[in-house]
Every structure is written in C-alpha cells, then in structure tokens.
Amino acid sequence: MTEGTSATHRVQPAADTECAGLRAVWERLACALAEAGRASDGAHLVAVSKTVPSARLREMFACGQRTFGESYVQEALAKQEALADLPIEWHFIGPLQSNKTRPVAERFAWVHSVDRLRIAERLSAQRPADLPPLNVCLQVNIDREATKSGIAPDPEEVSDLAHAVAQLPRLALRGLMAIPAPTDDPLRQRDSFRRVRALFEQLQSEGLALDTLSMGMSDDLEAAVLEGATLVRVGRAIFGARPGPGH
Ligand SMILES: *Cc1c(COP(=O)(O)O)cnc(C)c1O
C-alpha cells in the first residue's frame, strides 16, 4: 500500500465504551484473517462514517482508527473541515456524479466507486499536482442488481475499463470494489466475493499491478476476508444503525 490504511495504530485510547464497537470490529477482522491463514495485517478497516457526526469520528480517531469512508460529497466536506487538525485518510465510497468530482479529487486519498471512464478522466484531470496520485478502485456490480451502481461483471468490460483507467496519469488503479446482494447465507456471500476475486486475478494476469480488493461490510466481512478482501468497509457494526431510508 502506498498510503497507510492501518487500523492498528492504537494511540492512547479514549474511554472503553466509546471504542467498544470499533474494537469488536478489529477483533472480527483479526479472527477472520487468522481463520483464512492470512497475515494479521492483510486487511485494513475503513470505518464508514456516513450520517455519523464529526464528533464521533474524532472519538474513533482517539480510539486509534485513521481511515474513514464517506458516501456523500457535501457531508464529507463538512466533516473534513471540522476534523482538519487530524491526519485522517479519507476514502470516498459512494456513487459519484461527474459534476461532483473536483472536491473528491482534491480532498480524498481513495475513491472506491469508479464505474465509468468519464468519471476517472475527470478525477485524474482534477487531482492537484502537489498530491500523490488518487488511489482508485473500480466498482463492480457483482450480482447485477438494478439498484446498485458499478460496472457489469463481464470480464471484457471490466478489463477494458481497468486498462483505460490504468493509463490515466494522476490516478493509481489499485483494484476492485463490490457490494454483493444482501444474504445471510455465508456460502452465497462467499460465492459473490469469489467472483469479484476471479475478476481481480484476471486483471492481475493481464499485467495490471493491483493490490486491493475492497469488499466486506458489517454483515459479511468474514466471508469477504476468507475470499481475499484487503479493505473492508464497515459502518453499522462500529457506529450503530443509521437513521432514515437510503442510508
Ligand atoms: C454504507 C456502506 C458501507 C457500510 O455498510 P454497513 O452495513 O453499515 O457496514 C460499506 N460500503 C459502502 C459502499 C456503503 O455505502
């Protein structure tokens, strides 16, 4: 990883109860890595903080969490402003419209949700020269759900987009992101993640130097880690249920 995504930089902890949800997720991640026979630092936690007030992020930072994921541009910018004194690594994980790319190119270290070339081209053109290349993942709509964004999981389509994005000068293509169709069945969870990994390995075999599989959330992070996830994106298991529809 060119940028730190370490979930285990434990500074002097805040009060135990404030850190409990976060610690439980670190623990789940560590157990899943051990069960998978993978290195204990083989996957990192992105704390998904959409709808969560910045004061809570500050607490989670004090608990030792450094990497936060946001889905809504305006909301994220307000929190970045409020937390500008903290060296947080910000990941953008939500659907991205082309008229909102500039602030994302300027203020985030990662974008997980690139699903078309036009968005990638804008992010590359708008990435400030004094920042390192923007790390990006291509989002794959792995279960072909009408309600989800992402490129269709067709090997040729994914390959064409990946090779085009890899050419862009101010982006660093790191891998794939996916959100499978929700299911409680661990075998079906693993099946979706396995298909994401197959696409990822196909791209690697085509010569792309990729190192990131962004997959796994509150309800399926174990299945994702067993199938090779290197970034898990977890919200509710850390912060509790989110309010309102669409969140
Ligand atoms: C909200 C969200 C998550 C976190 O989901 P939880 O179920 O709260 O863990 C992960 N990834 C993306 C893209 C999201 O929008």
Side-chain angles (χ1 to χ4, degrees), residues 5 7 20-29 31-32 43-54 56-57 60 63 65 67-77 79 88-97 100-101 104 108-116 119 123 135-151 153 174-186 188-189 192-193 196 200 212-247:
T5 45
L22 180 63
R23 290 224 179 94
V25 172
W26 281 343
E27 204 59 45
R28 282 175 63 189
L29 189 54
C31 287
H44 297 288
L45 174 64
V46 178
V48 175
S49 46
K50 61 189 178 202
T51 78
V52 176
S54 55
R56 282 284 285 149
L57 278 72
M60 291 304 115
C63 298
Q65 181 65 25
T67 307
F68 291 87
E70 290 282 340
S71 299
Y72 309 107
V73 176
Q74 291 314 320
E75 180 194 336
L77 296 180
K79 286 183 212 173
I88 287 174
E89 184 176 278
W90 293 100
H91 290 222
F92 190 80
I93 63 171
L96 191 47
Q97 296 157 0
K100 298 259 182 72
T101 52
V104 173
F108 285 80
W110 285 72
V111 175
H112 294 224
S113 45
V114 171
D115 63 359
R116 51 198 192 277
I119 293 283
L123 289 170
N135 297 293
V136 301
C137 293
L138 305 185
Q139 180 174 354
V140 179
N141 187 357
I142 194 65
D143 291 317
R144 299 181 188 269
E145 293 173 276
T147 53
K148 289 211 174 109
S149 39
I151 183 173
R174 300 294 294 269
L176 300 179
M177 183 273 252
I179 311 170
T183 168
D184 294 336
D185 177 352
R188 285 183 51 201
Q189 292 174 352
S192 295
F193 292 133
V196 183
F200 176 75
T212 302
L213 265 176
S214 168
M215 55 190 198
M217 316 197 297
S218 291
D219 296 329
D220 57 13
L221 80 87
E222 284 82 4
V225 167
L226 286 168
E227 295 300 339
T230 65
L231 290 180
V232 296
R233 310 175 313 271
V234 178
R236 288 168 300 122
I238 300 171
F239 297 108
R242 286 180 291 274
H247 287 155

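Indexing begins at 1, ligand by ligand and atom by atom, following the structure's order.
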Under-4.0 Å heavy-atom contact with ligand 1, by part of I179 that carries it: side chain
Residues, nucleotides or ligands: over 12 heavy atoms within 6.0 Å of R56 CZ: yes
Ligand 1 atoms in contact with V234 (distance to a heavy atom under 4.0 Å): 9 (O)
Contacting atoms of ligand 1, where contact means under 4.0 angstrom from a heavy atom of I93: 11 (N), 12 (C), 13 (C), 14 (C)
Atoms in ligand 1 with a heavy atom of S71 nearer than 4.0 Å: 15 (O)
Donor on one side chain, acceptor on other, S214 and R233, under 3.5 Å: yes
Atoms in ligand 1 flagged as close to R236, the criterion being non-hydrogen separation under 4.0 Å: 6 (P), 7 (O), 8 (O), 9 (O)
V46 side chain reached by W110 side chain, heavy atoms, under 4.5 Å: no
Distance filter under 4.0 Å to R233 heavy atoms, resulting ligand 1 atoms: 4 (C), 9 (O), 10 (C), 11 (N), 12 (C), 13 (C)
Minimum side-chain heavy-atom gap Q139-S149 below 4.5 Å: yes
Check: G235 N/O within less than 3.5 Å of ligand 1 N/O: yes
Pairing of D219 and R236 as salt bridge, 4.0 angstrom limit: yes
Ligand 1 contact by G94, heavy-atom criterion under 4.0 angstrom: no
Where ligand 1 meets K50 - atom numbers and elements under 4.0 angstrom, heavy-atom basis: 1 (C), 2 (C), 3 (C), 14 (C), 15 (O)
Side-chain ion pair, E27 and R23, N-O less than 4.0 Å: no
Min heavy-atom dist H112 to ligand 1 below 4.0 Å: no
F108 and F92 aromatic ring geometry - parallel, tilted or perpendicular at 30°/60° bounds: perpendicular
